[in-house]
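Okay, structure first, notes after.
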Amino acid sequence: MSETGKAPERRSRKARRTRDALARSAFDLVLDRGLRDVTVEEIAQAADVDRRTFSRYFPSKEAAVLDTVRGDGDRINRALRERPPAEPPLTAYRRAVLAWLSDAEAEPWHLRPRVFDLLAMAEEEPTLYAAYHHIRVDAQEESVAILAERLGVDPRQDLRPAVTVAAGAGALLAAQAAWVRGGRPAALPEFVVHAFDALSTDLLESRQDGPAPHSTTQGSTS
């Protein structure tokens with residue numbers, strides 16, 4: 001490769017290192033001190049860059065601290081693309097999520113140091129939660145496109161891909177919330193299985209015989 005060709009590659013590697021340094025600084029500072037007690041200037045200083053450089057990579061400190069989990073939606077979508085074409089859409093989505101959780105090399109949330117603490121913080125900090133929601137929406141849009149291609153449909157006309165992703169992503173979100181509240185970092189796969197199990201026809205039927213399995217709802221005292 002000529003020197004001319006190597007220059008863009010070097011710039012790309014340098015940009016990636018700078019972005020990673022900012023994300024690591026944001027992650028460590030915010031988890032150590034709390035979101036409200038950390039400024040963008042402090043994050044930039046910890047990464048040995050200036051405030052303007054920070055703004056080239058991230059729109060906010062929330063986006064920077066969450067950069068560590070941005071790739072998880074991409075990993076789930078890669079697993080979704082690899083599912084057998086004959087699988088029903090929701091089954092494919094469920095198994096893609098479970099494949100991500102069982103892949104130690106991809107470092108899913110419950111295997112990654114301090115991510116449990118980060119997601120617990122997101123439950124308490126509205127601006128951090130909003131930034132995390134934006135990341136989820138981006139990943140879900142890609143999931144809809146993947147399922148639409150599998151089904152051979154136009155997702156603007158056929159609601160099945162969007163409904164499938166909304167249901168599957170909702171199950172994952174419910175599992176994550178229960179995982180954070182439960183205080184057991186290793187238990188995420190268990191919560192995910194329970195959440196997807198809840199997506200059954202039982203939810204569409206009128207039942208009078210008490211709460212479903214795994215429910216935490218207390219009986220009425222009236």
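All residue numbers in this chain count up from 1 along the given sequence.
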Between [atom1] on residue [X] and [atom2] on residue [Y], distance to nearest 0.5 Å:
X	Y	atom1	atom2	answer
Arg19	Arg24	CZ	CZ	12.5 Å
Arg13	Arg17	CZ	CZ	6.5 Å
Arg112	Leu119	CZ	CG	9.0 Å
Thr68	Trp109	OG1	CH2	11.5 Å
Leu172	Gln140	CG	CD	9.0 Å
Arg83	Ile146	CZ	CD1	13.0 Å

Under the ring-ring contact (aromatic ring centres under 6.0 Å, His included) rule, what pairs show up with a residue in [range], not counting sequence neighbours?
range	result
residues 139-159	none
residues 9-43	none
residues 39-68	Phe54-Phe58

What is the minimum heavy-atom distance between [X] and [Y], and which atoms define it?
X	Y	result
Ala63	Ser60	N-OG, 3.1 Å
Val153	Pro161	CG2-CG, 3.8 Å
Ala139	Gly73	CB-CA, 3.7 Å
Val144	Pro155	CG1-CB, 3.9 Å
Ile43	Leu22	CG2-O, 3.7 Å
Ala46	Leu29	CB-CD1, 4.0 Å

Can you name the residues that form a side-chain hydrogen bond (donor to acceptor under 3.5 Å, both in side chains) with [X], not counting sequence neighbours?
X	answer
Asp20	Arg16
Arg33	Glu42
Asp103	none
Arg160	Asp158

Task: Connected via hydrophobic side-chain network under 4.5 Å: Ile76 and Leu111 - done: no

Open item on the list: Hydrophobic clusters here meaning ILVMFWY residues chained together by side-chain heavy-atom distances under 4.5 Å, can you tell me if Leu80 and Leu90 are in one?
Closed with: yes

Please examine the side chains of [Y] and [X], heavy atoms only from C-beta on, and report whether any two atoms are closer than 4.5 Å.
X	Y	answer
Arg70	Asp138	yes
Leu66	Leu118	yes
Gln176	Leu173	yes

Open item on the list: Taking transitive links into account, so neighbours of neighbours count too, which hydrophobic residues share a cluster with Leu159 at under 4.5 Å side-chain distance?
Closed with: Val163

Task: All ring-ring contact (aromatic ring centres under 6.0 Å, His included) counterparts of Tyr132, not counting sequence neighbours - done: none

Open item on the list: Phe116: which residues meet the ring-ring contact (aromatic ring centres under 6.0 Å, His included) condition with it, sequence neighbours left out?
Closed with: Trp179

Is [X] reaching over with its side chain to a backbone N or O of [Y], donor-acceptor style, under 3.5 angstrom?
X	Y	answer
Thr53	Val49	no
Lys61	Leu35	yes
Asp50	Ala44	no
Arg150	Pro84	yes

Task: Lys/Arg-Asp/Glu bridge criterion (N-O < 4.0 Å) met for Glu142, Arg81 - done: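 Yes, this pair counts.
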
Task: Asp32 bridged to Arg114 by N-O distance under 4.0 Å - done: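 Arg114 and Asp32: salt-bridged.
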
Open item on the list: Is it true that, when you exclude Asp48 itself, more than 12 heavy atoms of the residues, nucleotides or ligands shown sit nearer than 6.0 Å to its CG?
Closed with: no

TODO: Please indicate whether Gln45 has more than 12 foreign heavy atoms, meaning atoms of other residues, nucleotides or ligands, lying under 6.0 Å from its CD.
DONE: no

Please output the side-chain donor-acceptor pairs of residues 121-128 that fall under 3.5 Å, not counting sequence neighbours, one pair per line with the distance.
from   : atom 1 : to    : atom 2 : distance (Å)
Glu125 : OE1    : Arg36 : NE     : 3.2
Glu125 : OE1    : Arg36 : NH2    : 3.4
Glu125 : OE2    : Arg36 : NE     : 3.4
Thr127 : OG1    : Glu62 : OE2    : 2.9

Which atom pairs, donor and acceptor, lie under 3.5 Å between side-chain atoms of residues 93-100 and protein residues at least two apart or in another chain?
from   : atom 1 : to     : atom 2 : distance (Å)
Arg94  : NH1    : Asp197 : OD1    : 3.0
Arg94  : NH2    : Asp197 : OD1    : 3.1
Arg95  : NH1    : Glu87  : OE2    : 2.8
Trp100 : NE1    : Asp72  : OD1    : 3.1

